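Note that the structure is predicted; figures quoted are calculated from it, not measured. Residue numbers start from 1 in every chain, and the chains themselves are labelled A, B, ... in the order their sequence lines are given, proteins ahead of strands.
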There are 2 protein chains.
Amino acid sequence: MSASSKVRLAEVAQLAQVSEITVSRVVRGAANVSPETVQRVEKALEQTGYVRNRLAGSFGGRTSNQIAVILPSLSNIVFPDVLYGLEERLDASGYHPILGISNYDAERETRLIASLLEWQPAGIVIATANLSQRARILLTRAPCPVVEIMEIDTDPVDMAVGISQVQAGKSIAYYLLGRGYTSFGYIGHDLTRDRRAAARRAGFRSALQEAGFEFDQVLEAGGTSSVTLGRQLTAEMLSMGAPRLIYYSNDDMAMGGQFEALARGMAVPDTLALASFNGLDLGQAAPIPLTTVGSRRGEIGTAAADQILKRLAGEDTSRFIDVGFKLIPGASA
Amino acid sequence: MSASSKVRLAEVAQLAQVSEITVSRVVRGAANVSPETVQRVEKALEQTGYVRNRLAGSFGGRTSNQIAVILPSLSNIVFPDVLYGLEERLDASGYHPILGISNYDAERETRLIASLLEWQPAGIVIATANLSQRARILLTRAPCPVVEIMEIDTDPVDMAVGISQVQAGKSIAYYLLGRGYTSFGYIGHDLTRDRRAAARRAGFRSALQEAGFEFDQVLEAGGTSSVTLGRQLTAEMLSMGAPRLIYYSNDDMAMGGQFEALARGMAVPDTLALASFNGLDLGQAAPIPLTTVGSRRGEIGTAAADQILKRLAGEDTSRFIDVGFKLIPGASA
DNA sequence: TTTCGGTATGACAGCGCTGTCATCTCCGTA
DNA sequence: TACGGAGATGACAGCGCTGTCATACCGAAA
């Protein structure tokens, strides 16, 4: 192989005694090139160490195999799980994600959308934080498929893949009401930024209200969710006289609750019951497996990728994909 | 704003009564354009709803603001933490990561390097899984800075940012020897794939050997690390008569161990002591905070980004950046 | 007044590839 | 033998922008 990094189609073409376009066809795996020519070109490709220039190719061919992916956070395993599913499926089809993290910040989200659009991506997958008016316009005008992921409660610009966060909250509340609980507390992280956690809480609350109950105590703190925060807030709530059951914004927070209870020697679920959302491995491997709702994060990623790929292939796509959730009874409530 | 998505510089230029190149200069924030012209052009930009075409720009200008990022996994919080630090810093400088996940597979890793290189990235950040010969050649010839992250034990193609995984293992072993432990077990996930976990184990073992000890028991299982796996293997090891202390491949695994111990009512650290690596929030919020080694994952990401940015700015860069680790005494050993 | 340097702007070519259409060869069939 | 059609290959233009160099203009210095 040549050591140079500046090999063009022309050089390969000359070596293989064919035209540039033929080399281009071979590189792209086109059909109508004779086997002998393919072989000759591939040898020349090998010898020259040719590296395809996608910038030129995508520009000239007016196509890109990049997919813009915008997520609000990577601070717990939820979005990495989604991202993994997404990357897996995209990679298998020859696409690559360009990543942006909005940090749950509307302005940064808008800026990311704008700047990733400049790359003429073949599609956009976004877990919205808090779409600004301008961001919504940008997405609406985007000349490519747009998939909003995680929730299907709100009206998407183009397509949505996820679950109903409201129903997820409501469902576990029904289950807990069925178990006979009558005293409820809520512990959460910064819900002004995490709209989906807020939706679950709203769903939970509405189910309570249908049954004539309300949260007796609510404790929220700014910042991202974490096991530490969950533990702190639980300690705080316990010091004020705890409710019988605490619903947490997610599994990480609930694990903090379980840790606090274990450290205090409180019986879970007999004295204090815990419930939450996500169905993480962590919560299920815990001494007292969490009563929670399993979200299918990897599936959200793969389904989102499928929606994009389908659309690009000209197939029909549906506006909403509900990947569904699952109640995990656990042992903590 | 115009609704069309096909606005070119030419259209904006015509509206603003200037040449294309002047519009281009304004879009790119160039210096020598008079304030009045800038204003006129910006108005036209606004009116037309112009979206910069980076494909054309990068191609024409022979520069890209994309950085290839290749990670082996997203299955625990470690790499997402790194990725977050990386994205944060890159974004602040106007760069975007294009992501690939190798899944600890050498062939896929090679393929990812090759296909991301085709995008003419401005830099490459890679947490190598198991570099093939071809992959190494590709990286060596890459016409851009290359940062290998996570470990600094091996010889990098260009630059390395991370910690000495061997020293991380060795250091905690010294600490535990200092605490008087004399009976050791090891529990790990698939180390044939996770080279860095293997390096920590090697470091730990070499410290033991210096002191005349060896692992009395070693238990490993294929697959990725998880709390569940850690718990299962711990149960298995306990059923065979446990060592006094178990060193785990990482915090997730060790949390599984702690859960198993708690579930059995075993006293930690008095009957069974646990130690591991990563210093996750989870482990520190646990009922018995883990004795572990804190890795500075976010810093690895930001430092890697800095290396790339420095190099691109023509500044000096060092071949190795050791972000350092920190012993976290915890309470589990 | 003339000269000169600096600032603002524009003309032009070309980045490396691919879409499109044309051409050529080679068969099988009428 | 002539012809149509499929398969293989090539010529050519152009994707939308930016690097480079040229030009126009202006005020200050000689």
Side-chain angles (χ1 to χ4, degrees), chain A residues 2 4-42 44-45 48-66 94 115 117-122 143, chain B residues 2 4-42 44-45 48-66 94 115 117-122 143:
Chain A
S2 142
S4 166
S5 59
K6 282 284 153 215
V7 183
R8 320 255 134 80
L9 281 184
E11 185 179 328
V12 181
Q14 190 173 17
L15 213 167
Q17 305 273 54
V18 293
S19 66
E20 291 185 35
I21 189 69
T22 298
V23 179
S24 173
R25 286 186 182 120
V26 172
V27 167
R28 287 180 291 162
N32 9 338
V33 182
S34 73
E36 307 84 60
T37 308
V38 169
Q39 203 170 16
R40 201 146 34 89
V41 170
E42 279 178 344
L45 248 13
T48 53
Y50 175 75
V51 174
R52 188 173 173 183
N53 184 339
R54 288 254 180 198
L55 237 35
S58 291
F59 169 54
R62 287 162 287 282
T63 59
S64 161
N65 69 349
Q66 297 192 141
S115 66
L117 270 174
E118 296 179 348
W119 280 102
Q120 322 283 112
Chain B
S2 142
S4 165
S5 59
K6 282 283 155 215
V7 183
R8 319 257 135 79
L9 281 184
E11 186 179 326
V12 181
Q14 189 173 18
L15 213 168
Q17 304 274 52
V18 293
S19 66
E20 291 185 35
I21 188 70
T22 298
V23 179
S24 172
R25 286 184 183 123
V26 172
V27 167
R28 288 180 290 161
N32 0 340
V33 183
S34 74
E36 306 85 60
T37 308
V38 168
Q39 203 171 15
R40 201 146 33 90
V41 170
E42 278 178 345
L45 249 12
T48 53
Y50 175 75
V51 174
R52 188 173 173 184
N53 184 338
R54 289 255 179 198
L55 237 35
S58 291
F59 169 55
R62 285 159 288 285
T63 58
S64 161
N65 69 348
Q66 297 191 141
S115 65
L117 270 173
E118 296 179 348
W119 280 103
Q120 324 283 113

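A/Leu55 has its CG atom 12 Å from the P atom of C/dT18, to the nearest Å. Atom C1' of nucleotide C/dT25 and atom CG of A/Asn32 are separated by 15 Å, given to the nearest angstrom. What separates CD of A/Gln39 from P of D/dA8 is a distance of 15 Å, to the nearest Å. One can place CZ of A/Arg28 at 15 Å from P of D/dT9, the figure rounded to the nearest angstrom. The CH2 atom of A/Trp119 sits 16 Å away from the P atom of D/dG16 (whole-angstrom rounding). The interatomic distance linking B/Leu9 (CG) with D/dG16 (P) rounds to 10 Å, in whole Å. For A/Glu36 and D/dG7, the CD to P distance is 15 Å, given to the nearest whole Å.
When all heavy atoms of A/Ser58 and B/Leu55 are compared, the pair lying nearest together is CB-CD2, 3.8 Å. The two atoms that bring B/Gln120 and A/Arg52 nearest to each other are OE1-O, 3.8 Å, heavy atoms only. The two residues A/Val41 and A/Val12 have their closest heavy-atom pair at O-CG1, 4.3 Å. Counting all heavy atoms, side chain and backbone alike, A/Val27 lies closest to A/Tyr50 at CG2-CE2, 4.1 Å. The two residues A/Leu9 and A/Glu20 have their closest heavy-atom pair at CD1-O, 4.0 Å.
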Under 3.5 Å, which N/O atoms of the protein pair with N/O atoms of nucleotides 13-15 of chain D?
residue, atom, partner, partner atom, Å
D/dC15, O4', A/Arg62, NH1, 3.0

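Judged purely by atom type and a 3.5 angstrom limit, B/Ser64 has no side-chain atom pairing as donor or acceptor with the backbone of B/Pro121. Put simply, the side chain of B/Thr48 gets close to the backbone of B/Leu45: a donor and an acceptor are under 3.5 Å apart.
Note on the helix from C/dT1-D/dA30 to C/dA30-D/dT1: angle between the axes of the first and last five pairs equals 50°, rounded to 10 degrees.
Across all strands, B/Thr37 comes closer than 4.0 Å only to sugar-phosphate atoms, never to a base (heavy-atom distances).
A search for side chain to side chain contact (heavy atoms under 4.5 Å, CB included) contacts involving A/Glu42 returns A/Val26, A/Val38, not counting sequence neighbours. Partners of A/Ser19 according to the side chain to side chain contact (heavy atoms under 4.5 Å, CB included) rule, which considers only residues two or more places apart in sequence or in another chain, are A/Ile21, A/Thr22. Contacts of A/Asn65 classified as side chain to side chain contact (heavy atoms under 4.5 Å, CB included), with partners at least two apart in sequence or in another chain: A/Arg54, A/Tyr95, A/His96, B/Trp119.
Annotation: proximity of residues 17-27 of chain B to DNA chain D (heavy atom, distance under 4.0 Å) is found for B/Glu20, B/Ile21, B/Ser24, B/Arg25, numbered in ascending order.
A close approach under 4.0 Å does not occur between any side-chain nitrogen or oxygen of A/Tyr50 and OP1 or OP2 of C/dG16.
The local environment of CD in B/Glu118 is crowded, with over 12 non-hydrogen atoms from other residues, nucleotides or ligands closer than 6.0 Å.
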